[in-house]
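Reviewing the structure listed below.
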Amino acid sequence: MNESFLQKAEEIFHQAAIKLSLEVVSIKNYNDPEMGKVLEVLLDHDYNITMEEIEAFTDMVNPLLDEIADDDNEGYILDIASGASEKKIPFEKLSSFVEQWLDVKLKESGEVKTLFLDEVKDDTAKFHCFIKGKRTKVLLKEQDVLSIKMGYKA
């Protein structure tokens, strides 16, 4: 995909997101060994985007992308998906994620821990996790944390 096509596509994505009250988390253009050229768009809506919102976005952008001339376009796969797991959660918004698993990157060690958020009180977040089957409490302050993202526990 040439640079002109990508710039026009990015503008289409951002305009559609604004119209649908969505957030573009990232746009990536890469070659996949099996699928070929991929144009990936990750979206979010308050860390809780729905399939209906992704479908509405896709329906809005597809005809607009078809109108863009790309001379070196051999075809590509448009991959539109939720970007909530890629998006960092500000510490001050943690109270919205109580009773959810989060991936917390610790400032001191750089280690990422998947923790269950039990409560947020003042400037401290109370989490728990299981170490060798034993429930372990973890208390963290904002200065202890490098980043927080949505987490998933299997």
## Note on the structure
Heavy-atom closest pair (Thr114 atom, Cys129 atom, distance to 0.1 Å) is O-CB, 3.9 Å
### Query
Is any side-chain heavy atom of Leu140 closer than 4.5 Å to a side-chain heavy atom of Leu115?
yes
## Note on the structure
Closest non-hydrogen contact found for Ala9 with Ile68 is N-CD1, 3.9 Å
### Query
Do Val112 and Val104 share a hydrophobic cluster (ILVMFWY, side-chain heavy atoms under 4.5 Å, transitive)?
no
All N/O donor-acceptor pairs, side-chain side in residues 15-35, below 3.5 Å, sequence neighbours left out:
from	atom 1	to	atom 2	distance (Å)
Gln15	NE2	Glu11	OE2	2.9
Glu23	OE1	Lys87	NZ	2.6
Asp32	OD1	Glu34	N	2.8
Asp32	OD1	Met35	N	2.9

### Set of residues satisfying ring pair (Phe, Tyr, Trp, His ring centres under 6.0 Å) with respect to Phe13, sequence neighbours excluded
none
### salt bridge (Lys or Arg N to Asp or Glu O under 4.0 Å) partners for Asp123, two or more places apart
Lys141
### Message
Once ring pair (Phe, Tyr, Trp, His ring centres under 6.0 Å) is applied, do any residues pair with Phe116, and if so which ones, sequence neighbours excluded?
### Response
Trp101, His128
### Message
Treating Glu53 as the side-chain partner and Thr50 as the backbone partner, does any N or O pair qualify as donor plus acceptor under 3.5 Å?
### Response
yes
### Task
Take atom CD of Gln143 as the centre, draw a 6.0 Å sphere, and report whether it contains more than 12 heavy atoms from other residues, nucleotides or ligands.
yes
### Query
Does a side-chain heavy-atom distance below 4.5 Å link Ile148 with Phe97?
no
### Query
Mind checking whether Phe5 and Val41 sit in one hydrophobic cluster, side chains of I, L, V, M, F, W, Y counted as touching below 4.5 Å?
yes
### Query
Can you check whether Ser4's main-chain N or O pairs, donor with acceptor, with Asn2's side chain at less than 3.5 Å?
yes
### Message
Can a donor-acceptor pair be found, under 3.5 Å and without considering hydrogens, that links the side chain of Thr124 to the backbone of Asp122?
### Response
no
## Note on the structure
Hits for salt bridge (Lys or Arg N to Asp or Glu O under 4.0 Å) against Glu55, two or more places apart or cross-chain, chain-then-number order -> none
### Query
Applying salt bridge (charged side-chain N to carboxylate O under 4.0 Å, His left out), which residue pairs with at least one partner in residues 91-107 are found, sequence neighbours left out?
none
### Task
Could you pull out the closest heavy-atom pair between Tyr47 and Lys88, with the gap in Å?
OH-O, 2.8 Å
### Message
Side-chain heavy atoms nearer than 4.5 Å, only ILVMFWY residues, links allowed to pass through others: does that put Val138 and Phe130 together?
### Response
no
